[in-house]
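Okay, structure first, notes after.
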Amino acid sequence: MCGIIGCVAEEPVAGILLEGLRRVEYRGYDSAGMATISGGRLGVKKGAGRVSEIEGRHRMSSMLGSTGMAHTRWATHGGVTDANAHPHASCRETVAVIHNGIIENYIPLRKALRAKGHRFKSETDTEVIAHIVEDEYKRLGDPLKSTLAAVKKLKGQYAIAVLFQDRPDVMTGARKDAPLIVGVGKGMTFLASDVLAFIGYTDRTIFLDNYEVVEITKDSVRIVGLDGKKVKREPNQVAWELSDVSKSDYAHYTLKEINEQPRTVVSAAVQDQEKLEEFAQAVRKAKSLYITASGTSYHAGLLMKFRLNKEAKLRADVVVAGELKEHTEFLGKGSVVVALSQSGETADVMEAVKEAKKHGAKVYSIVNAAGSTLARESDGVLLLNCGPEVGVAATKSFTAQVVVANLVVDAVLGRKHPNGLAELSDAVAQALKCEGQVQELVRQYRDRPDFYFVARGYESPVAMEGALKLKELSYIHAEGMPASELKHGTLALIEKGTPVVVINPSGPIHAESLSNAEELKARGADVIGISDENDEVYRHYIHVPRVQPKFAPIVEAIPLQLLAYHMSVARRNDPDYPRNLAKSVTVK
Ligand code: F6R
């Protein structure tokens with residue numbers, strides 16, 4: 001996944017582009033670059049490294065021109081090198097392209113272009129686009145038409161922005177299976193892969209559809225379909241505000257987003273009752289019901305399934321999105337697939353949706369990013385309403401997913417009005433007070449090679465989530481599992497001082513989890529209890545407030561998120577941008 005921002009304006013754009021680039025850096029942070037047109041010349045500055053490093057090395061912000069574009073890269077084709085960073089220019093450097101996605105047929109295209117005399121400077125799939133557009137522009141002499149002709153030759157996924165040296169008044173773009181959004185401002189128009197990139201300048205947006213090609217000037221937007229026919233689309237207003245995308249006084253976005261949760265668990269519950277009822281009806285009536293998602297969203301899906309089974313007596317299969325195509329025996333007309341995704345762009349989730357539709361199933365989704373591919377391709381959508389999540393680790397989106405999933409289950413059960421949200425918000429605020437205790441744990445265990453997280457029943461996915469969070473932010477090996485599984489292999493790994501987190505709310509499974517904690521202690525583990533009830537078996541105890549059982553995973557997630565965050569900081573990692581991970585995983 002990569003981040004794209006382009007702008008055509010009445011004023012110099014380099015500063016605007018740099019600001020936008022920083023906001024989409026979560027989408028990829030291997031390399032960065034910028035291109036502008038000034039004095040009739042197309043200039044490009046780029047290199048491998050974080051945006052701040054490239055800015056330090058090349059002073060992108062000093063580039064002149066009122067038309068330009070910038071890119072943050074997450075490498076797929078071609079290593080992380082200066083030459084492979086975007087923008088990519090054509091042979092004569094008259095056309096420049098930035099791209100998010102994968103061009104599947106770039107090898108035959110490159111071969112054909114080389115045969116025609118084109119010379120390549122990078123190993124990327126993207127560079128072919130610049131050369132094809134250059135040829136088409138020579139032939140057709142029109143930016144929009146040449147972009148259209150070029151994308152007709154591409155196979156794969158793309159969101160692109162294109163600059164033409166002799167047309168400093170325009171920029172073109174096109175999308176297929178990767179987001180591209182037009183921002184319509186006063187005297188300035190944007191193309192970007194995320195609204196966050198330009199939210200400080202305008203909240204009026206047009207979400208492009210697959211196979212659409214666009215040409216923007218500082219005060220116009222022209223969209224055509226692949227057939228060249230004009231598409232009419234009015235801008236919509238987005239609800240996100242600039243304050244949502246600043247770090248405020250927090251050291252990192254991740255910490256800010258963790259601390260936003262007393263508010264976001266409430267905003268997530270603000271849903272259109274008709275849409276909620278329609279969603280619930282679909283779930284209730286489904287001939288077969290699947291829940292699909294990846295990573296943290298998958299854990300929220302597991303929680304949803306638990307209540308659907310236990311309380312609504314509905315059978316649901318929860319399948320990791322990347323595996324859904326292997327589980328289609330019961331998928332057909334009348335089936336419903338519930339997809340959960342923060343970004344609404346995860347490639348595996350989109351592939352699962354494609355598979356579901358191919359089999360005639362309906363897709364209902366729970367998504368944070370309004371206007372994302374998943375939101376637009378679903379038969380029904382409930383939004384998380386938790387604001388943009390910039391930190392790569394899913395935090396507030398997880399707890400918002402749990403709130404929305406609970407609303408759906410409650411509606412399936414015929415319980416219309418959510419209650420207990422004010423108490424939940426207070427409980428989350430209380431849970432956040434464990435930060436000092438968590439930091440103490442971090443001091444004690446920061447050098448341990450392994451961490452384990454266990455729980456039973458409804459809390460089992462919370463244990464898996466705790467392990468996922470710790471792995472991705474601290475790079476410590478961590479495993480999460482039902483406590484009942486401990487005896488099947490894991491106990492052999494427990495040594496003196498191995499930290500094991502036991503998530504154990506009071507209630508029917510409490511006593512069983514305590515005996516697992518005893519077993520662990522007997523083998524030398526340092527048991528860290530997260531519960532509303534203390535017990536002497538715990539070497540360390542983190543108290544979380546007692547809430548309705550359906551909300552317990554929300555308060556239990558708080559210390560786990562803080563543990564992962566502080567472990568990351570203590571180990572000198574960057575919690576907002578962990579290694580080898582992008583915010584939304586758009587490759588399969
Ligand atoms: C975990 C994390 C990832 C995502 C996964 C799915 O903290 O960020 O594991 O949960 O990539 O992403 P979405 O929810 O955007 O589909």
Side-chain angles (χ1 to χ4, degrees), residues 1 26-29 74 177-179 193-194 196 252-255 257-258 261 268 291-304 318-324 337-353 363 365-378 381-384 386-402 404-405 453 461-462 464-476 478 480 557-558 560-565 567-568 573-588:
M1 186 174 78
Y26 74 87
R27 299 180 63 89
Y29 30 93
W74 192 245
D177 294 337
S193 39
D194 191 317
L196 297 184
H252 297 99
Y253 283 110
T254 308
L255 188 60
E257 287 158 7
I258 291 172
Q261 291 175 103
I291 298 172
T292 196
S294 304
T296 290
S297 300
Y298 170 71
H299 299 149
L302 289 171
L303 291 169
M304 185 178 191
V318 194
V319 186
V320 167
E323 291 286 313
L324 190 90
V337 174
V338 174
L340 293 101
S341 174
Q342 188 286 129
S343 61
E345 302 291 348
T346 301
D348 285 343
V349 176
M350 291 321 302
E351 175 150 298
V353 165
V363 175
S365 58
I366 298 176
V367 188
N368 196 30
S372 60
T373 312
L374 177 61
R376 278 133 39 88
E377 294 192 3
S378 299
V381 188
L382 294 174
L383 296 176
L384 296 179
C386 64
E389 190 176 68
V390 179
V392 164
T395 52
K396 63 177 177 174
S397 66
F398 172 69
T399 50
Q401 283 170 335
V402 180
V404 177
F453 296 78
V462 186
M464 291 155 73
E465 175 58 10
L468 190 165
K469 221 68 326 156
L470 190 69
K471 266 189 283 204
E472 74 172 330
L473 294 190
S474 72
Y475 320 151
I476 292 175
I558 304 292
L560 301 176
Q561 295 170 352
L562 287 169
L563 177 68
Y565 169 78
M567 200 60 102
S568 167
N573 303 339
D574 184 341
D576 284 344
Y577 301 104
R579 71 184 181 201
N580 300 341
L581 198 68
K583 181 69 186 158
S584 70
V585 183
T586 50
V587 286
K588 285 184 233 158

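In each ligand, atom 1 is the first atom listed, and ligand 1 is the first ligand listed.
- Checking only distances, T346 does come within under 3.5 Å of ligand 1, N or O to N or O.
- Checked against side chain to side chain donor-acceptor pair (under 3.5 Å), S294 has no partners two or more places apart in sequence or in another chain.
- Partners of P575 according to the side-chain contact (heavy atoms from CB on, under 4.5 Å) rule, which considers only residues two or more places apart in sequence or in another chain, are H252, T254, Y565, S568, V569.
- Listed by number with element, the atoms of ligand 1 under 4.0 angstrom from any heavy atom of K469 are 1 (C), 7 (O).
- By the 3.5 Å distance cut-off applied to N or O atoms, A394 is counted among the residues near ligand 1.
- Atoms of ligand 1 lying under 4.0 Å from at least one heavy atom of S297, given by number and element, are 10 (O), 13 (P), 14 (O).
- Side chains of E465 and T296: a donor on one and an acceptor on the other come within 3.5 Å.
- Counting heavy atoms under 4.0 Å from ligand 1, residue L468 touches it through the side chain alone.
- Here the shortest heavy-atom distance to atom 6 (C) of ligand 1, taken over S397, S341, A369, S294, belongs to S294.
- Close contacts of ligand 1 with S343, meaning ligand atoms under 4.0 Å from a residue heavy atom, involve 13 (P), 15 (O), 16 (O).
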task = Would you sort out whether L340 and I291 count as a side chain to side chain contact (heavy atoms under 4.5 Å, CB included), showing the intermediate values?
result = CA-CA 8 Å; L340 293 101; I291 298 172; 3.5 Å; yes

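- Taking OG of S297 as the start and CG of D348 as the end, the distance is 12.0 Å to the nearest 0.5 Å.
- No hydrogens or angles considered: nothing links the side chains of T395 and Q561 as a donor-acceptor pair under 3.5 Å.
- Considering backbone and side-chain N/O of G295, none are found under 3.5 Å from N/O of ligand 1.
- Each of the following atoms of ligand 1 lies closer than 4.0 Å to a heavy atom of V392: 8 (O).
- T373 and E345 share a donor-acceptor pair across their side chains, judged by distance under 3.5 Å alone.
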